[in-house]
Protein chains: 2
Amino acid sequence: MPHKAAPFDALDRKIVAALMENGRASFAEIGTAVGLSSTAVKRRVDRLRADDVITGFTATVRPAALGWLTEAYVEVYCDSAAPPRRLAEVVRNHPEITAAMTVTGGADALLHVRATDVEHFEEVLERIRTEPFIRKTISFMVLSHLLPDSPEAGARQPSPAHEPRGESLPTQRTGHNRP
Amino acid sequence: MPHKAAPFDALDRKIVAALMENGRASFAEIGTAVGLSSTAVKRRVDRLRADDVITGFTATVRPAALGWLTEAYVEVYCDSAAPPRRLAEVVRNHPEITAAMTVTGGADALLHVRATDVEHFEEVLERIRTEPFIRKTISFMVLSHLLPDSPEAGARQPSPAHEPRGESLPTQRTGHNRP
DNA sequence: TATGAAAGGAACAAGGT
DNA sequence: ACCTTGTTCCTTTCATA
């Protein structure tokens with residue numbers, strides 16, 4: 001057995017919660033919060049990372065501040081036998097797609113797309129629709145967020161593989177982080 | 001005008017990118033990556049935080065490791081004149097809703113929901129549907145992710161802070177958790 | 001640049017198997 | 001006895017005025 005089922009206890013949960021609330025909290029700080037020494041916290045965090053419970057640390061960013069003013073969800077309908085694998089390839093070709101998943105319901109997949117503005121979004125959409133086996137798309141533009149720190153609001157922005165206009169925007173398309 | 005448009009230059013962009021890739025990177029580390037001294041980096045990071053370009057730091061977590069095995073998007077249709085404000089209140093009452101936004105298209109809002117399992121999701125859905133002016137919901141269960149670290153995959157979950165019951169890995173049940 | 005704080009490692013102690 | 005998980009130093013690196 002390669003991985004033993006990590007005994008994820010209440011202490012781990014508190015540590016994870018502390019790190020989700022403040023990803024730069026010091027081990028000592030977390031320690032006093034959960035009742036451990038800093039080194040004990042570090043060991044547990046190391047283990048949580050090794051077990052891929054914690055997959056990384058990131059700054060949360062306000063996309064609008066970086067020029068990503070437009071956001072939409074796009075339902076994708078594929079030709080008959082569209083293998084998810086091929087869809088995954090397609091999705092990776094468009095850096096503006098910040099999340100993509102297969103879903104139940106009429107559509108085959110749901111994409112989350114960020115663009116600098118509506119014009120840019122239209123360009124992205126056209127690009128997606130020219131992909132081989134994509135039959136149809138239905139878009140929902142995001143108007144306003146009802147929760148302050150929704151994941152979509154900050155976690156990831158697309159890379160400016162080819163920046164759409166004028167100024168280049170910060171990269172990203174994160175993989176994992178090793179501190 | 002309260003906020004002056006912060007002069008957001010290429011260096012800032014690189015710093016933000018570095019911090020999104022590794023939210024616990026030291027200022028010195030970032031400095032060598034972008035060609036600045038650690039103190040210069042700190043000054044810029046402080047400014048980026050003050051300007052709310054960077055809104056915080058967080059650990060990215062694999063929800064399944066915490067027992068959140070089920071994920072869905074829910075389109076919400078409201079009664080005639082449903083003010084977004086009221087929807088925001090409703091949304092805050094259900095900790096399983098991890099993102100919520102008003103959207104164009106037929107639906108009034110789109111919710112992202114996490115639950116421990118399908119049973120739990122059904123319970124959440126029933127709870128949402130009993131809310132006063134919600135007329136109808138349409139759910140899309142997420143089957144598989146096509147991008148590795150999509151925001152939805154890791155950024156925020158209902159807090160793991162409180163241990164709901166028992167022990168071991170698949171945590172969380174009906175004892176709903178507030179952050 | 002200088003001071004205190006944090007990270008990270010080594011060595012050791014207590015419980016549980 | 002051994003493995004796990006906690007502790008207390010200690011040194012190097014970092015944060016920050």
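Every heavy atom of this structure was used, including side-chain atoms; hydrogens, water molecules and symmetry mates were not. So you know, we letter chains A, B, ... as the sequences are listed, proteins then strands, and number each from 1.
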**Study point:** B:Arg24 NZ/CZ over A:Phe27 ring centroid, <6.0 Å and within 45° of normal
**Key:** yes
Exercise for review: Would you kindly give the CZ-to-C1' distance between A:Arg49 and C:dG8, to the nearest whole Å?
Suggested key: 15 Å
Review point. Rounded to whole angstrom units, what separation is found between the CG atom of A:Asn22 and the C1' atom of C:dA6?
Key: 14 Å
Check your understanding: Is B:Asp9 salt-bridged to B:Arg44, going by a charged N under 4.0 Å from an acidic O?
Key -> yes
Sort me out a list of protein N/O and nucleotides 13-17 of chain D N/O pairs below 3.5 Å, or just none if empty.
| residue | atom | partner | partner atom | Å |
| --- | --- | --- | --- | --- |
| D:dA15 | OP1 | B:Phe27 | N | 3.2 |
| D:dA15 | OP2 | B:Phe27 | N | 3.2 |

Practice item. Round to a whole Å and report the spacing from CD1 of A:Ile30 to P of C:dA6. Key: 11 Å
Point to revise | Check: B:Gly56 main-chain N/O paired with A:Thr60 side-chain donor or acceptor under 3.5 Å | key: yes
Practice item. Scan side-chain atoms only and decide if B:Tyr77 and B:Glu75 contain a donor-acceptor pair under the 3.5 Å cut-off. Key: yes
**Study point:** A:Leu11 CG to D:dT4 P, straight-line distance once rounded to whole Å
**Key:** 17 Å
Check your understanding: Expressed in angstrom and rounded to an integer, what is the separation of A:Leu19 atom CG from C:dA7 atom P?
Key -> 10 Å
Check your understanding: Do B:Thr104 side-chain atoms and A:Met141 backbone N/O form a donor-acceptor pair below 3.5 Å?
Key -> yes
**Study point:** Crowding at CD, A:Glu21 (>12 non-hydrogen neighbours, <6.0 Å)
**Key:** no
